[in-house]
Number of protein chains: 2
Amino acid sequence: MKKTAGREPAVSKKISEKKEQIRLHLKQKGFKATRQRDIIAGEFLRSGEHVTAEDLYKNISRKHDDIGFTTVYRTLKLLSRSGLATERVFADQLTRYEPISSESHHDHLICLKCGAITEFENLKMERLQEKIADEFGFHIVTHKMEFYGYCRACR
Amino acid sequence: MKKTAGREPAVSKKISEKKEQIRLHLKQKGFKATRQRDIIAGEFLRSGEHVTAEDLYKNISRKHDDIGFTTVYRTLKLLSRSGLATERVFADQLTRYEPISSESHHDHLICLKCGAITEFENLKMERLQEKIADEFGFHIVTHKMEFYGYCRACR
DNA sequence: CATATTATTGAAATTGAATTTCATTTTCTT
DNA sequence: AAGAAAATGAAATTCAATTTCAATAATATG
Ligand SMILES: [Mn+2]
Ligand SMILES: [Mn+2]
Ligand SMILES: [Zn+2]
Ligand SMILES: [Zn+2]
């Protein structure tokens, strides 16, 4: 008995909402809804975060050996353009994607030993950044802040 | 009359000190002092900051068409290993090098329109970063912080 | 439902920066 | 001066990212 009786878990709900958002974006831009896009978006939205196109491709191709890397790659780009994913490049220079969650902005702590990526959000920090930029007459559009070091488990 | 009579300007002094530092590093590691390394290091140390290997190669090859790109590339790596340069990768994903100045650490404001790179240092920020990391039991080794937006001239 | 139109797919090719290879040259040591 | 070891530079290689293109699938229209 694997099927969930009664109401769906919160995660599934969010995923269907997001899939709806993709469909809207596609229709609006004159693009098409395809089986591949559905599968890829579904797997991505439910996947662990910070995946590379390669990562996701490997996961998906286990079950769907007819879906090619290029389509996974292009779908991740599409999700980014649709406002459902962000591209991130950390020190290893690989492009990673993460679903955009309602909890908008966050930055990252990256462990040099185990590779764990921890997310954080700090309002004081964001304010201080604005203040610094102001001093230079600089208007911030985006920022990148990453800490590299050793996580609790690794140090 | 281009030659400076009397004492040398501060910049030149620093450069000769740095060149001495390279020579020490080379000898210590059993490496050799070459004409190319001398020219490349000299040009780099006196160059504008945040240059790519390609940038520096183009500058140098105007006067020295016998110095190849590979050697420029390798010398920048060598300078980095010797503690005289740092590698930086901004949003365009190109590896840039900057001389390490006595004023150690700084972060960057990068203009999305004109590409200007402004440096800043903020002690309060650094302290806050440590504080945030502490909350996660994380020990910071390095960090990356960049603001992307519009500089005073461009906005 | 058939067909036309247009976008999508996926394998393969291309790009471009970074890095390595290797034959030749240069430096440094005896 | 001769030998040992490292450096040089052109060319080759790597590898993720991106593009190309012929075949296929999705939608719109009648
Ligand atoms: Mn994240
Ligand atoms: Mn700098
Ligand atoms: Zn760790
Ligand atoms: Zn500007």
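Each chain gets a letter, A, B and so on, in the order its sequence line appears, and its residues count up from 1.
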Note to self: Any side-chain N or O of B:T34 below 4.0 angstrom from OP1/OP2 of D:dT8?
What the structure shows: yes
Check: Considering the terminal five base pairs at each end of the helix from C:dC1-D:dG30 to C:dT30-D:dA1, what angle separates the two local helix axes, rounded to 10°?
Finding: 20°
Check: Is it the case that B:H64 and B:E43 place a side-chain donor and acceptor less than 3.5 Å from each other?
Finding: no
Checklist line | N or O in side chain of A:Q36 less than 4.0 angstrom from C:dG10 OP1/OP2 | finding: yes
Checklist line | Point-to-point distance, once rounded to the nearest 0.5 Å, from CD1 of A:I117 to CD of A:E98 | finding: 8.5 Å
Notebook entry, point to check: Side-chain N or O of B:R37 less than 4.0 angstrom from OP1 or OP2 on D:dA7?
Noted result: yes
Notebook entry, point to check: Could you state the interatomic distance from CG (A:L112) to CD1 (B:I140), rounded to the nearest 0.5 Å?
Noted result: 11.0 Å
Check: Is the shortest distance from a Lys or Arg side-chain nitrogen in B:E130 or B:R127 to a carboxylate oxygen in the other one below 4.0 Å?
Finding: no
Next item on the list: Determine: side-chain N/O of A:T71 to OP1/OP2 of C:dG10, distance under 4.0 Å, yes or no.
Entry: yes
Check: Below 4.0 angstrom, N of the basic side chain to O of the carboxylate: do A:E49 and A:R96 qualify?
Finding: no
Next item on the list: Find the distance A:R88:CZ to D:dA17:C1' and express it as a whole number of Å.
Entry: 20 Å
Item checked: For atom CZ of B:F31 and atom P of C:dT29, their distance in whole Å -> 14 Å
Next item on the list: Please tell me which of B:G30 and B:D66 maps to the more 5' nucleotide of DNA chain D, matching each residue to the nucleotide holding its nearest heavy atom.
Entry: B:G30
Margin query: Counting only side-chain nitrogens and oxygens, does A:T95 get under 4.0 Å of the OP1 or OP2 atom of D:dA16?
Written below: no
Next item on the list: Would you mind telling me which residue lines up with the more 5' stretch of DNA chain C, B:A53 or B:R35, judged by nearest nucleotide?
Entry: B:A53
Notebook entry, point to check: Any side-chain N or O of B:Y73 under 4.0 Å from OP1/OP2 of C:dA18?
Noted result: no
Check: If you check every side-chain atom of B:R74, which of D:dA7, D:dT18, C:dT21 has the closest atom?
Finding: C:dT21
Item checked: Separation of atom CD in B:Q28 from atom C1' in D:dA6, rounded to whole Å -> 17 Å
Next item on the list: May I ask you to verify whether the side chain of A:K32 and the base of C:dT6 hold a donor-acceptor pair under 3.5 Å?
Entry: yes
Notebook entry, point to check: Say you draw a straight line from CG of B:L109 to NE2 of A:H143; how long is it, rounded to the nearest 0.5 Å?
Noted result: 12.5 Å
Notebook entry, point to check: For B:T52 and C:dA17, is the shortest distance between a side-chain N/O and OP1 or OP2 below 4.0 Å?
Noted result: no
Margin query: Rounded to whole Å, how long is the line connecting atom NE2 of B:H64 with atom P of D:dG9?
Written below: 12 Å
Notebook entry, point to check: About how many Å separate OG1 of A:T95 and CG of A:L76, when rounded to the nearest 0.5 Å?
Noted result: 10.5 Å
Check: In whole angstroms, how far is the C1' atom of C:dG10 from the CG atom of A:D65?
Finding: 13 Å
Next item on the list: Specify the separation, in whole Å, of atom CG of A:D38 and atom P of C:dT9.
Entry: 11 Å
Item checked: Side-chain ion pair, B:D107 and A:K144, N-O less than 4.0 Å -> no
Item checked: Any A:K77 side-chain N or O less than 4.0 Å from OP1/OP2 of D:dT18 -> yes
Margin query: In this structure, how many angstroms lie between the C1' atom of D:dT14 and the CG atom of A:L94, rounded?
Written below: 14 Å
Notebook entry, point to check: What's the closest nucleotide to the B:T70 side chain, out of C:dA17, D:dG9, C:dG10?
Noted result: D:dG9
Notebook entry, point to check: B:Q93 CD to D:dA16 P: how many Å, rounded?
Noted result: 14 Å
